Amino acid sequence: METSLSRRTLLGMAAAVPLSAALSACGSSGPSEGGGGATYWYLQGQPQEGVRASAVDAFNKANPKTQIKDTTFQNDAYKTKIKTALGAGKAPTIIWGWGGGTLRSYVEADQVEDLTPWFEQHSEVKDRLLPASFGAATVDGKIYAMPCENVQPIVLFYNKEVFDQVGAKPPESWDDIMALVPRFNAEGIAPFSLGGQSRWTNMMWLEFLFDRIGGPEVFQAVIEGEKDAWSHPDALTALTRVQDLVKADGFVKGFSSIAADTNADQALLYTGRAAMMLHGAWSYGIQKADGGDFVSSGKLGFMNFPPVDGGKGDPGNGVGNPAQYLSISSKASAKEKEVAKDFFATGVLQDDEVKRWIDNGSVPVRLGTEKLLAASDSADFLQLTYDIASNAKTFQQSWDQALSPTAAETLLDNIAKLFQLSISPEQFAAKLNGVIGK
């Protein structure tokens, strides 16, 4: 199976060429927007780039008079280029993105089309997609983006061989997690692997604890700009619980100097030096590619994050990346917008694209793929991913995407300090309250 690059890998990619070269077109052939078609920018990086390009090629072959011209960019270059283009009113017709806070900034600047009426007229398009994928596409009750590509929930991975060695069972609650910590430490095994230098890895713990303890409403209050939302009693409880885990030596020694970009945290799990790891669904492909027979021999276990006793959150809720997203520039011509919407209806997540995502070890955000998932050599894991995405009452988008860039950076800085025990839960909350709505 071809290993998928994660959103995290893409977000961490530094441009390896000068900016001028990074901004050069690298897409499939097609006329410019003046030729009656539309333009579409998206990210480079295989295997995702190949899947995106094949979807455009298939649409262009089926619609020879209304072509889409696609252009690819490296991640950091794309973020700079799309922001500049939107501000100048020269954005591509179709805008690829992550939804959430960045999409909200587009909406507030009147840079993207309101797709709500179109989805109402084309309910069959909306009905074929995972309902949870629309949260990050929605701003103030209106839909401004088409969910696309794949879903990437955060998953609790564990090493079955290590659990057997210690005579332990996977945790069914937060209390179980805390009880497992001394058992693994006594055997010289780190309870949890963590690439804490990368900061966003720490964030996944808080995302789940906020949800399991207080329910999705606690973080939603932050999104909605409620004053002092980070100081909610359940939020402070979650912040305290994660520091309890740090103080109990729940994470591998030196976790704050381990970088996730090198996959050192992954290696700790498949080599048996750590018993568990909370990570994105993309970790499965890394374990399979780098861990020898770790996956093929059935040693890798996986599950959704367990409930917290007395918590208000539904244990079926998910967190992570509910999808990727396509918006339409509000400055595009009527003809360009028509082509883009036709692509959304007949070109996105068609059968061939769905198969390509599954072959890459990903779960597409299209409903009804159970038989294809079951036929994959990664069927058990893909089914777990699908079940989380399709059954979750709420699927919270990763916080660093859901928040504005300013708030996200403050969040990541202070999460690192929280895990290093250099600030208290109350100090963390005060710092984050200061950037609500910014």
Side-chain angles (χ1 to χ4, degrees), residues 27 30-43 52 55-56 59-60 63 65-73 78-149 223 322-350 353 365-366 397 401-402 404-405:
S32 68
E33 60 268 34
T39 50
Y40 175 20
W41 294 359
Y42 54 79
L43 296 190
R52 294 165 188 145
V56 173
F59 179 84
N60 285 343
N63 299 275
K65 295 183 179 180
T66 54
Q67 301 282 283
I68 292 176
K69 178 178 175 59
D70 54 346
T71 306
T72 67
F73 301 92
Y78 175 77
K79 289 181 176 180
T80 300
K81 181 72 172 179
I82 194 66
K83 182 178 179 180
T84 301
L86 281 162
K90 297 182 178 180
T93 314
I94 302 170
I95 303 164
W96 186 98
W98 294 275
T102 300
L103 179 61
R104 177 175 285 275
S105 69
Y106 297 165
V107 172
E108 291 174 348
D110 193 27
Q111 294 169 332
V112 292
E113 186 92 343
D114 178 5
L115 298 176
T116 310
W118 184 81
F119 274 112
E120 290 174 348
Q121 296 167 9
H122 297 81
S123 58
E124 75 284 356
V125 176
K126 185 177 181 180
D127 290 345
R128 73 171 184 242
L129 303 176
L130 293 173
S133 68
F134 279 89
T138 305
V139 178
D140 296 332
K142 295 182 178 181
I143 302 171
Y144 289 90
M146 166 86 171
C148 64
E149 302 190 2
I223 296 295
Q324 290 74 51
Y325 296 92
L326 302 177
S327 297
I328 297 176
S329 171
S330 59
K331 303 299 189 294
S333 70
K335 179 61 177 177
E336 290 164 350
K337 291 178 181 178
E338 180 183 340
V339 173
K341 291 173 181 177
D342 191 23
F343 178 62
F344 288 2
T346 66
V348 175
L349 287 175
Q350 301 303 303
E353 182 187 351
V365 296
R366 199 179 86 176
Q397 186 183 28
Q401 295 175 351
S404 70

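In what follows, every heavy atom counts, from backbone to side chain, and hydrogens, waters and symmetry copies are set aside. Predicted model only: the values in this text are computed from it and were never measured.
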Is the shortest side-chain heavy-atom distance between [X] and [Y] below 4.5 Å?
{"X": "Lys341", "Y": "Leu115", "answer": "yes"}
{"X": "Ile95", "Y": "Leu86", "answer": "yes"}
{"X": "Glu336", "Y": "Ile328", "answer": "no"}
{"X": "Asp70", "Y": "Pro92", "answer": "no"}
{"X": "Trp96", "Y": "Arg52", "answer": "yes"}
{"X": "Leu129", "Y": "Leu349", "answer": "yes"}
{"X": "Tyr42", "Y": "Thr72", "answer": "yes"}

According to the interplanar angle, ranging from 0 to 90°, do the rings of Phe119 and Phe134 count as parallel (below 30°), tilted (30 to 60°) or perpendicular (above 60°)?
perpendicular
Just say parallel, tilted or perpendicular for the rings of Trp118 and His122, cut-offs at 30° and 60°.
parallel
Looking at [X] and [Y], what are the two nearest heavy atoms and their distance?
{"X": "Phe343", "Y": "Ile94", "value": "CD2-CD1, 3.8 Å"}
{"X": "Cys148", "Y": "Leu326", "value": "SG-CG, 3.7 Å"}
{"X": "Tyr106", "Y": "Ile82", "value": "OH-CG2, 3.9 Å"}
{"X": "Gly347", "Y": "Ala55", "value": "O-CB, 3.9 Å"}
{"X": "Met146", "Y": "Phe344", "value": "CE-O, 3.3 Å"}
{"X": "Thr93", "Y": "Ala332", "value": "CG2-CB, 4.0 Å"}

Would the distance check show the side chain of [X] and the main-chain N or O of [Y] forming a donor-acceptor pair, the cut-off being under 3.5 Å?
{"X": "Gln67", "Y": "Asn63", "result": "yes"}
{"X": "Ser330", "Y": "Asp110", "result": "yes"}
{"X": "Tyr144", "Y": "Arg104", "result": "no"}
{"X": "Gln397", "Y": "Trp98", "result": "yes"}

Can Glu120 and Lys126 be counted as an ion pair, charged N to O under 4.0 angstrom?
no
Does a side-chain N-to-carboxylate-O contact under 4.0 Å join Arg366 and Glu353?
no
To the nearest 0.5 Å, atom OG1 of Thr66 lies from atom CG of Asn60 at 8.0 Å
NZ of Lys79 to CG of Leu43, rounded to nearest 0.5 Å, is 8.5 Å
Give the intermediate values and the outcome of side chain to side chain contact (heavy atoms under 4.5 Å, CB included) for residues Val339 and Tyr40.
CA-CA 11 Å; Val339 173; Tyr40 175 20; over 6 Å; no
Measure from NZ or CZ of Lys90 to the centre of the six-membered ring of Trp41, then state whether that distance is under 6.0 Å and the direction lies within 45° of the axis.
no
Should the heavy atoms of other residues, nucleotides or ligands under 6.0 Å from NZ of Lys331 be counted, would the total exceed 12?
yes
